[in-house]
Visitor: 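Please read through the structure below; I'll follow up with questions.
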There are 2 protein chains.
Amino acid sequence: MDFEENTTNQKNVHTIDGSKEQHNFNEQDQHGLYKAIFNRRDVRGQFLPDAIPHKVLSRVLYAAHHAPSVGFMQPWDFIVIQSPEVKNKIHQDFSLAHQEAQAMFESNKQETYKNLKLEGIIESPINICITCDRERTGKTVIGRTHMKEMDLYSSVCAVQNFWLAARAEGVGVGWVSILHPEALRDTLLLPDNVVPIAYLCLGYVSHFKEKPELEAANWLPRRPIDELVSFDSWGQSASNSEEKSLITQLQLDEKFPQSFADKK
Amino acid sequence: MDFEENTTNQKNVHTIDGSKEQHNFNEQDQHGLYKAIFNRRDVRGQFLPDAIPHKVLSRVLYAAHHAPSVGFMQPWDFIVIQSPEVKNKIHQDFSLAHQEAQAMFESNKQETYKNLKLEGIIESPINICITCDRERTGKTVIGRTHMKEMDLYSSVCAVQNFWLAARAEGVGVGWVSILHPEALRDTLLLPDNVVPIAYLCLGYVSHFKEKPELEAANWLPRRPIDELVSFDSWGQSASNSEEKSLITQLQLDEKFPQSFADKK
């Protein structure tokens, strides 16, 4: 592996200066994390009906539960949905929202939009709704005093942990957001203080796509990362040699994500 | 490792039924991901001044850039802050917000709150603000037609990827949310369409704490995960043997997260 040349794998210690990187993971552990990050996909069309063993689902749920949370609120809940009635109801709402959405696009994009497969509600064996209970630990929460949406963001972090762990377990996850939040709330009987954050479809898959589907469909390109980095304030480009060297490094690392591509 | 007994490591294939799990990562790669998830900490007080090599920062930024995003918007930007003037301005706003926050807690919690170290703005060598450009790809975005906050959530997923990658690289990250969003916007010159999502402090650390600080300080306990899982609708507990078996599995796996504890 060529992305960390200074690793002494046996000792689990990086040695650039002998101390500052002593908490680095070893090369293999770093590989596992980056592999999950770069091979995670939003799965819509490749679900298999096979049951997910509870041992697998349990590990993925623990990953979600150990997300960061503002004031250690742990505001998330996990509603595991297998009832065909509930899935059908959600799917009906998706169909309505999907129709409404199509009309919102400019005419030249409507045809492409219509043909995109955007959910796997029925064919995935399990749906899971991850929520945020805004009142879980009272009204005043450390870290939420000035940024009121921090608890919502905590539940989003749980979603991302869930997604990465599922990928490592070989389980595909698709996040369905073309739903009316109020309909979702009604169907799942959510109390007023509970916000639905993510409606997820999960299951084993025939394959994971090599690239995000909207990238592969030429809907939008991957943005060059060096255009997304600025210094000290919005839009301020690199103005000294150190800042320029970070930009150069980002350009050199253009193939870093692809180096984890799953070759199987 | 005892969390996947059916792994045939050499072949990179799990064999529970010979097909459905063929996209599982091997045991070592799974280990790396779970280790990052369970050992990630919100760092406030253990920052070292050592510079973070650009090779490391570049990899962490790529991890963030490969987060999921609604409609492939990639709405994030990364403002890298090293200017002492900017850091001081942010820190002044933190101090003000922190004082305001203290007064919001009930009197018996104010003393504990005051003594918590909640940021490392000055002493961490780099601060990074991750933002969300709500207009990056036009007004109509696939998947954001009915849930308007999906782009904000995409940037949060980028934060979580960033945080996990930093942990694997031995770099500590602290998310500072006790700030006035408008002051942050003014200091960083953010345009109206750009929302500051996370203000992060990063740097190498003397150590990563064994547990989240608020858990260790007995501010709040870790919630039992089996109380967070319901079935088919809010609050509906396991009602058949299959659902009950998932709850039992979660209880059996109580020590799963600790099994990844960094022993160094």
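We name chains A, B, ... by the order of the sequence lines, and we start the count at 1 in each one. Just so it is clear, the model here is predicted, and its values are computed rather than measured.
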Visitor: Please evaluate residues A:Glu100 and B:His146 with respect to the criterion side-chain hydrogen bond (donor to acceptor under 3.5 Å, both in side chains), reporting the C-alpha separation (whole Å), side-chain torsions for both, the decisive distance (0.1 Å), and the verdict.
Guide: CA-CA 9 Å; A:Glu100 292 167 353; B:His146 292 75; 2.6 Å; yes

Visitor: For B:Leu116, is it the side chain, the backbone, both or neither that has a heavy atom under 4.5 Å from a heavy atom of chain A?
Guide: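 For B:Leu116, the side chain is the part near chain A, not the backbone.
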
Visitor: Let's go through B:Arg136 and A:Arg223 carefully: what are the C-alpha distance in whole Å and the side-chain angles of both, what is the deciding distance for side-chain contact (heavy atoms from CB on, under 4.5 Å) to 0.1 Å, and is it a yes or a no?
Guide: CA-CA 11 Å; B:Arg136 172 139 297 163; A:Arg223 294 192 170 251; 3.5 Å; yes

Visitor: Against chain A, label B:Trp175 side chain, backbone, both or neither, depending on which of its atoms sit under 4.5 Å from a heavy atom there.
Guide: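 Contact with chain A is through the side chain of B:Trp175 alone.
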
Visitor: For B:Tyr113, is it the side chain, the backbone, both, or neither that has a heavy atom closer than 4.5 Å to a heavy atom of chain A?
Guide: side chain

Visitor: Measure B:Val86 against the heavy atoms of chain A and call it side chain, backbone, both or neither at under 4.5 Å.
Guide: side chain

Visitor: Check step by step if side-chain contact (heavy atoms from CB on, under 4.5 Å) holds for A:Ile37 and B:Tyr62.
Guide: CA-CA 9 Å; A:Ile37 284 174; B:Tyr62 269 99; over 6 Å; no

Visitor: Please test B:Val80 against A:Glu243 for side-chain contact (heavy atoms from CB on, under 4.5 Å), starting from the C-alpha separation and ending with a verdict.
Guide: CA-CA 9 Å; B:Val80 179; A:Glu243 291 170 358; over 6 Å; no

Visitor: Name the member of A:Glu85, A:Gln236, A:Glu215 that forms the most heavy-atom pairs with chain B at distances under 4.5 Å.
Guide: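 Looking at each option in turn, the highest pair count goes to A:Glu215.
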
Visitor: Does the side chain of A:His66 come within less than 4.5 Å of B:Arg222's, by heavy atoms?
Guide: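 Yes - at least one pair of side-chain heavy atoms lies under 4.5 Å apart.
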
Visitor: Minimum heavy-atom separation for A:Gln28 to B:Asp29, with atom names?
Guide: O-OD1, 3.9 Å

Visitor: One pair to check against side-chain contact (heavy atoms from CB on, under 4.5 Å): B:Tyr153 and A:Ser155. What are the steps and the verdict?
Guide: CA-CA 9 Å; B:Tyr153 294 175; A:Ser155 286; over 6 Å; no

Visitor: Could you go step by step and tell me if B:Asp232 and A:Gln82 meet the side-chain hydrogen bond (donor to acceptor under 3.5 Å, both in side chains) rule?
Guide: CA-CA 7 Å; B:Asp232 292 323; A:Gln82 293 183 280; over 6 Å; no

Visitor: Side chain, backbone, both or neither: which part of B:Glu227 has a heavy atom under 4.5 Å from chain A?
Guide: backbone

Visitor: With respect to chain A, which residue among B:Ile81, B:Ile178, B:Val70 yields the maximal number of heavy-atom pairs within a distance under 4.5 Å?
Guide: B:Ile81

Visitor: Where the side chain of B:Ser177 meets the backbone of A:Gly143, is there a donor-acceptor pair that is under 3.5 Å apart?
Guide: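 Yes, because the side chain of B:Ser177 sits within donor-acceptor range (under 3.5 Å) of the backbone of A:Gly143.
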
Visitor: So which residue, B:Leu220, B:Leu252, B:Leu57, B:Leu61, ends up with the most heavy-atom pairs under 4.5 Å with chain A?
Guide: B:Leu220

Visitor: Name the option with the most non-hydrogen atom pairs under 4.5 Å to chain A; the candidates are B:Met147, B:Gln74, B:His180.
Guide: B:Gln74

Visitor: Minimum heavy-atom separation for A:Gln30 and B:Ala168, please, with both atom names.
Guide: NE2-O, 3.0 Å

Visitor: Heavy-atom distance under 4.5 Å to chain A: side chain of B:Val194, backbone, both or neither?
Guide: side chain

Visitor: At a heavy-atom separation under 4.5 Å, does B:Glu242 approach chain A through its side chain, its backbone, both, or neither?
Guide: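 When you check distances to chain A, atoms from both the backbone and side chain of B:Glu242 fall under 4.5 Å.
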
Visitor: Between B:Thr137 and chain A, with a heavy-atom cut-off of 4.5 Å, which part of the residue counts as in contact: side chain, backbone, both or neither?
Guide: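 Just the side chain, heavy atoms under 4.5 Å.
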
Visitor: I need the residue from A:Leu188, A:Leu164, A:Val176, A:Leu250 with the largest number of non-hydrogen atom pairs under 4.5 Å to chain B.
Guide: A:Leu250

Visitor: Mind listing the closest non-hydrogen atom pair of A:Thr145 and B:Ala101 along with its distance?
Guide: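 In terms of heavy atoms, the two residues are closest at OG1-CB, 3.5 Å.
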
Visitor: Is it the side chain or the backbone of B:Met150 that comes within 4.5 Å of chain A heavy atoms, both, or neither?
Guide: side chain

Visitor: Would you mind telling me which of A:Ala64, A:Ala165, A:Pro196 has the largest number of heavy-atom pairs within less than 4.5 Å of chain B?
Guide: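 With the most close heavy-atom pairs to chain B, the winner is A:Ala165.
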
Visitor: Would you check, one step at a time, whether the test side-chain hydrogen bond (donor to acceptor under 3.5 Å, both in side chains) holds for A:Arg167 with B:His23?
Guide: CA-CA 8 Å; A:Arg167 179 62 191 88; B:His23 304 294; 5.6 Å; no

Visitor: Where does B:Arg40 contact chain A at under 4.5 Å (heavy atoms): side chain, backbone, both or neither?
Guide: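 Looking at B:Arg40, just its side chain touches chain A.
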
Visitor: If I compare all heavy atoms of A:Leu189 with all of B:Ser233, which pair ends up nearest, and what's the gap?
Guide: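 Closest pair (atom of A:Leu189, atom of B:Ser233, distance): CD1-OG, 3.8 Å.
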
Visitor: Chain A heavy atoms under 4.5 Å from B:Pro212: which part of the residue, side chain, backbone, both or neither?
Guide: side chain

Visitor: Find the one option among B:Thr140, B:Ile142, B:Ile247, B:Thr131 whose heavy-atom pairs under 4.5 Å with chain A are most numerous.
Guide: B:Ile142

Visitor: Please flag which part of B:Arg41 lies under 4.5 Å from any non-hydrogen atom of chain A: side chain, backbone, both or neither.
Guide: neither

